[in-house]
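Any value given below was found using the heavy atoms of this structure, including those in side chains, with hydrogens, waters and symmetry copies removed.
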Amino acid sequence: MRAIIGYGSSIRGEDAFGLDVIKELQKLPLKETKLLSAHQLTPETVLELQDADEIIFIDTCHDEKNPYALACSLVEESTLNLSHHISPKTIIYMLRSLYSKNPHFYIYSMMSSSFDGITDIASYKKRVAMTAEHIAWVGGE
């Protein structure tokens, strides 16, 4: 099974990118795919991902110089950080250490300098659509 989790804040402008990509993916007939939306990644997220062979994380990364650029971004964080805001790498570490699961994982990020609002709605919507289409295409749909 494939799990896709979009996370961010719908009240913080472009930070809603992950949530908005999930909304687009919900419109598509994806097979054997679990779609999840979350405000942030938490230790409890692992429970929803235990059966996944592949996990896709979708979020927004702060970048003043390259707004609306799409990238793969993995911020290094301590694997011992078990607060209620953890990284995708920590989620994967927990799956491996607690459940002996070793899923393939990918991270889709949109760079943004604005968490107060959406500064260019056309560019934002284009990036949401592009990301959803790419994820659906890569999944064979």
Q: Kindly compute the distance separating CD (E32) from CE (M1), expressed to the nearest 0.5 Å.
A: 9.5 Å
Q: Has the side chain of T45 got a donor or acceptor atom that lies under 3.5 Å from a matching backbone atom of L41?
A: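 Absent.
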Q: Do you know which two heavy atoms are closest between S112 and T60, and how far apart they sit?
A: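 Closest pair (atom of S112, atom of T60, distance): CB-CG2, 3.5 Å.
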Q: Hey, could you give me the CD1/CD distance between I135 and E24, rounded to the nearest 0.5 Å?
A: 11.5 Å
Q: Treating S123 as the side-chain partner and D120 as the backbone partner, does any N or O pair qualify as donor plus acceptor under 3.5 Å?
A: no
Q: Tell me the closest heavy-atom pair linking R96 and P103, and the distance in Å.
A: NH2-O, 4.4 Å
Q: To the closest 0.5 Å, what do you measure between CG (D53) and CG (N102)?
A: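 That separation rounds to 10.5 Å.
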Q: So, Y124 side chain and F17 main chain: donor-acceptor pair closer than 3.5 Å or not?
A: yes
Q: Return the minimal non-hydrogen interatomic distance between A136 and L30, and the atom names on each side.
A: CB-CD2, 4.1 Å
Q: Pairing donors with acceptors under 3.5 angstrom, does anything connect the side chains of D59 and S109?
A: yes
Q: So that I can tick it off, tell me whether E48 and K34 are bridged by a salt bridge, with the cut-off set at under 4.0 angstrom between side-chain N and carboxylate O.
A: yes
Q: Is the NE2 atom of H62 crowded by more than 12 outside heavy atoms at less than 6.0 Å?
A: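 Yes - once you tally the heavy atoms of other residues, nucleotides and ligands closer than 6.0 Å, there are more than 12.
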Q: Would you say that I22 contacts L36 through its side chain, given a criterion of any heavy-atom pair below 4.5 Å between the two side chains?
A: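 Side-chain contact under 4.5 Å: no.
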Q: Strictly distance-based, threshold 3.5 Å: is any side-chain N or O of S97 a donor or acceptor partner for the main-chain N or O of Y93?
A: yes
Q: From R12 CZ over to H39 NE2, what is the distance, rounded to the nearest 0.5 angstrom?
A: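 One gets 8.0 Å once the value is rounded to the nearest 0.5 Å.
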Q: With side-chain contact (heavy atoms from CB on, under 4.5 Å) as the test, would you mind laying out the steps for E54 and Y106 before giving the verdict?
A: CA-CA 8 Å; E54 177 182 282; Y106 307 92; 3.7 Å; yes
Q: Would you call I56 and I107 a side-chain contact if the rule is heavy atoms closer than 4.5 Å?
A: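 The answer is no, as the side chains (C-beta and beyond) never meet within the 4.5 Å cut-off.
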Q: Can any side-chain N or O of E14 pair as donor or acceptor with the backbone N or O of T119 at less than 3.5 Å?
A: yes
Q: Within the structure provided, determine whether F57 and I92 are in side-chain contact (heavy-atom separation under 4.5 Å).
A: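 Yes. Closest side-chain heavy atoms under 4.5 Å.
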Q: Taking all non-hydrogen atoms of both residues, which atom of M130 and which atom of L70 are closest, and how far apart?
A: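 Looks like CE-CD1, 4.2 Å.
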Q: I'd like to know if the side chain of D15 and the backbone of S9 have a donor-acceptor N/O pair within less than 3.5 Å.
A: yes
Q: Drop me the distance from I91's CD1 to F105's CZ, to the nearest 0.5 angstrom.
A: 11.0 Å
Q: Would V128 and K125 satisfy side-chain contact (heavy atoms from CB on, under 4.5 Å), going step by step from the backbone distance to the final call?
A: CA-CA 5 Å; V128 167; K125 286 183 176 183; 5.6 Å; no
Q: Taking atom OG1 of T33 and atom CG of L25, what is their separation to the nearest 0.5 Å?
A: 8.5 Å
Q: In this structure, are over 12 heavy atoms from other groups packed under 6.0 Å from I11 atom CD1?
A: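 For I11, atom CD1 is not crowded (no more than 12 foreign heavy atoms under 6.0 Å).
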Q: Of the non-hydrogen atoms in S10 and A16, which two are nearest, and what is the gap between them?
A: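 Closest approach of S10 to A16: CA-CB, 3.8 Å.
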Q: Is there a donor-acceptor pair under 3.5 Å between the side chain of R127 and the backbone N or O of Y68?
A: yes
Q: Are side-chain heavy atoms of C61 and M111 found at a separation under 4.5 Å?
A: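 Yes, their side chains come closer than 4.5 Å.
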